[in-house]
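Have a look at the structure below, then the notes.
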2 protein chains.
Amino acid sequence: MSNKKERDITTEQKILEVATEVFQQKGYAGARMQDIADKAQINRAMLHYYYRNKEKLFEGIFQNAFQKLIPSMNEVFDADLPLFDKIRQVVNNYITLVFQNRNLPLFVLHELQQNPEKFVSNFFVHHTRPNPAKLIQQIQEEIKAGNIRPIMPQHLVMNMMSLCIFPFVSQPVFQQVFQIGDAQYEQFLESRKTEVAEFIIESIKVK
Amino acid sequence: MSNKKERDITTEQKILEVATEVFQQKGYAGARMQDIADKAQINRAMLHYYYRNKEKLFEGIFQNAFQKLIPSMNEVFDADLPLFDKIRQVVNNYITLVFQNRNLPLFVLHELQQNPEKFVSNFFVHHTRPNPAKLIQQIQEEIKAGNIRPIMPQHLVMNMMSLCIFPFVSQPVFQQVFQIGDAQYEQFLESRKTEVAEFIIESIKVK
DNA sequence: TTTATGTTTAACTTTTCTGTTAACGCTGCA
DNA sequence: TGCAGCGTTAACAGAAAAGTTAAACATAAA
């Protein structure tokens, strides 16, 4: 019994693990059940045994992937810190997160484009809707207090996210443009953990 | 004869037009030849008549799409303008370009992730490799002259691109986050044509 | 009018991928 | 010992997509 359960869990989790990798790499349409089975070293029928069909399997993975990105966004928004510190922390956290989940952003963005509705249902079900209200208010207060120059909070939030995420999704392009190898690009990304925050702060601070 | 040729061109171009749309929307794996044929209002066999097979059809479209993005990048790099003006112009041009080719960036990024080699061959064949050398030099000179604060040129270039492109690829996410509709988001993007440039300049200028 | 050539169509073939089923086997328990 | 139940497998069925072919069609030139 315990042996069985152990194996169950191992197989089931192994599938999820591998499927996550494959779906994130190839996207829903490009992923092959056979490929997932091969990489998990199991019979293809097992995929259907544990997860009824491709769509169900995908569903779980997408939800999961998506949920990984939201809480970190809310960290950004809700943290109880002075604005500049918050920016530094958020940027650092977010870049670190994406470091560990390389093709998560592109995966989510690509699937979302095809199927923006997935969003709404996902959001409303899990109640983890990103809520930038607090951050936006904080920005407005800092502007009013004259600590930063006037700027639409939405632009600031968008800029923050853009500067964090885009360098990951555009890696192949920029490695070519800058003519640098994998290791160097890693370093480049690493250096952005501090660079991006400073770039933003320099832009908005009143000197 | 002239009638034939006219029709040839019409059909052939119609295919290319429609296929571009479908491929950019769905990606290679998600695109269906039948779907392309339907939208072009032709028999599916015609696709094979004009473009041997799916891969060949895709190839042409990808090259084309890709080529659309490179010249504009080089405009950024090579223009003979003072740095700040260059930034303003580049940002404006690039955002305008993406405006007219909404799903081009996500398409290219997604396909490139699966197949980074497509790049190299593409680049070397067409000799239109993006070359940021001039811009990088210009940035270094401005730093030396004390007109802007010290910053790695690669970061600056990356930031520029990120701020221009990411808001387009992440549209579904941010419409939800900011709770705004299509029309308003359009306006938001529109306003970034100037906003982004000022954001960058504010960050690097010495006050 | 006939013929040659390029275009278009419908029907068919092949391949690829997903989903199902029935049988086998292991393991724990009566 | 045998049986109950889950896990596993191979083989199969079905659907969907890509690709092919042969004949019909249109048009321009002879």
Side-chain angles (χ1 to χ4, degrees), chain A residues 1-63 107 110-111 113-115 118, chain B residues 1-64 107 110-111 114-115 118:
Chain A
M1 193 67 139
S2 69
N3 236 344
K4 271 190 206 171
K5 273 188 186 169
E6 271 171 35
R7 287 208 298 178
D8 287 3
I9 292 165
T10 309
T11 305
E12 198 172 339
Q13 286 189 335
K14 178 83 188 195
I15 291 174
L16 213 67
E17 204 175 284
V18 170
T20 300
E21 201 186 299
V22 173
F23 274 125
Q24 288 189 11
Q25 237 266 338
K26 308 277 189 178
Y28 178 79
R32 296 288 165 256
M33 297 295 266
Q34 186 60 61
D35 187 26
I36 294 170
D38 289 349
K39 283 187 176 136
Q41 296 177 305
I42 55 164
N43 190 292
R44 218 178 66 251
M46 294 301 281
L47 297 178
H48 293 92
Y49 179 74
Y50 286 107
Y51 307 86
R52 200 127 213 79
N53 55 35
K54 189 181 178 182
E55 208 178 312
K56 289 269 200 312
L57 179 55
F58 174 79
E59 208 65 32
I61 283 163
F62 184 81
Q63 302 269 344
F107 168 67
H110 178 251
E111 297 301 332
Q113 197 204 22
Q114 326 260 315
N115 225 344
K118 269 203 183 116
Chain B
M1 190 66 138
S2 68
N3 239 345
K4 269 192 208 173
K5 273 188 187 169
E6 270 171 37
R7 287 209 298 177
D8 286 4
I9 291 167
T10 308
T11 306
E12 198 172 340
Q13 285 189 334
K14 179 84 188 192
I15 291 174
L16 213 68
E17 206 175 281
V18 169
T20 300
E21 201 185 298
V22 173
F23 274 125
Q24 288 187 11
Q25 238 264 342
K26 307 277 189 179
Y28 178 79
R32 297 288 164 255
M33 296 295 267
Q34 185 62 61
D35 187 26
I36 294 170
D38 289 351
K39 283 185 178 137
Q41 297 177 304
I42 53 163
N43 190 292
R44 218 177 66 254
M46 293 301 281
L47 298 178
H48 294 91
Y49 178 74
Y50 285 106
Y51 308 87
R52 200 127 211 78
N53 55 34
K54 190 181 179 184
E55 209 178 312
K56 290 268 200 311
L57 178 55
F58 174 79
E59 207 66 30
I61 282 163
F62 183 81
Q63 303 269 344
N64 217 318
F107 168 68
H110 178 253
E111 297 303 332
Q114 328 258 318
N115 225 344
K118 267 197 187 124

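Every chain is numbered from 1, with letters handed out A, B, ... down the list of sequences.
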_On the side chain of B/Arg44, is there an atom forming a donor-acceptor pair with the base of D/dG19 - under 3.5 Å, no angle test?_
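Under the 3.5 Å cut-off, the side chain and the base do form a donor-acceptor pair.
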
Rounded to the nearest angstrom, tell me the gap between atom [atom1] in [X] and atom [atom2] in [N].
X: A/Leu47; N: D/dT9; atom1: CG; atom2: C1'; value: 13 Å
X: A/His48; N: C/dC17; atom1: NE2; atom2: P; value: 14 Å
X: B/Asn43; N: C/dA10; atom1: CG; atom2: P; value: 6 Å
X: B/Gln41; N: C/dT8; atom1: CD; atom2: P; value: 13 Å
X: B/Ile36; N: D/dA18; atom1: CD1; atom2: C1'; value: 12 Å
X: A/Tyr51; N: D/dT8; atom1: OH; atom2: P; value: 12 Å
X: A/Tyr28; N: D/dA16; atom1: OH; atom2: C1'; value: 13 Å
X: A/Lys26; N: C/dT16; atom1: NZ; atom2: P; value: 15 Å

Under 4.0 angstrom, heavy atoms only, what part of the nucleic acid is [X] near: base, sugar-phosphate, or nothing?
X: A/Met46; answer: base
X: A/Asn53; answer: sugar-phosphate
X: A/Ala37; answer: nothing

_Closest-nucleotide ordering on DNA chain D, the 5'-leading residue of A/Tyr49 and A/Ala45_ = A/Tyr49

*asked:* Could you measure the distance from the CD1 atom of A/Ile15 to the CD1 atom of A/Ile36? Nearest 0.5 Å is fine.
replied: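 Atom-to-atom, A/Ile15:CD1 and A/Ile36:CD1 are 9.0 Å apart.
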
*Measure the spacing between NZ of B/Lys56 and CD1 of B/Ile61 and express it to the nearest 0.5 Å.*
14.0 Å

*Can you check whether A/Leu16 reaches A/Tyr50 side chain to side chain, under 4.5 Å on heavy atoms?*
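SC-SC contact between A/Leu16 and A/Tyr50 ruled out.
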
_Does any part of the side chain of A/Glu55, heavy atoms only, come nearer than 4.5 Å to the side chain of A/Tyr28, both counted from C-beta?_
yes

_Nearest heavy atom decides the nucleotide; on that basis, is A/Arg32 or A/Arg52 closer to the 5' end of DNA chain C?_
A/Arg32

*Would you please test B/Phe23 and B/Phe58 for ring pair (Phe, Tyr, Trp, His ring centres under 6.0 Å) and show each step?*
CA-CA 7 Å; B/Phe23 274 125; B/Phe58 174 79; 5.2 Å; yes

*Give the nucleotide from the list D/dT8, C/dG19, C/dT8 with an atom nearest to the side chain of A/Tyr50.*
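The answer is D/dT8, which lies nearest to the side chain.
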
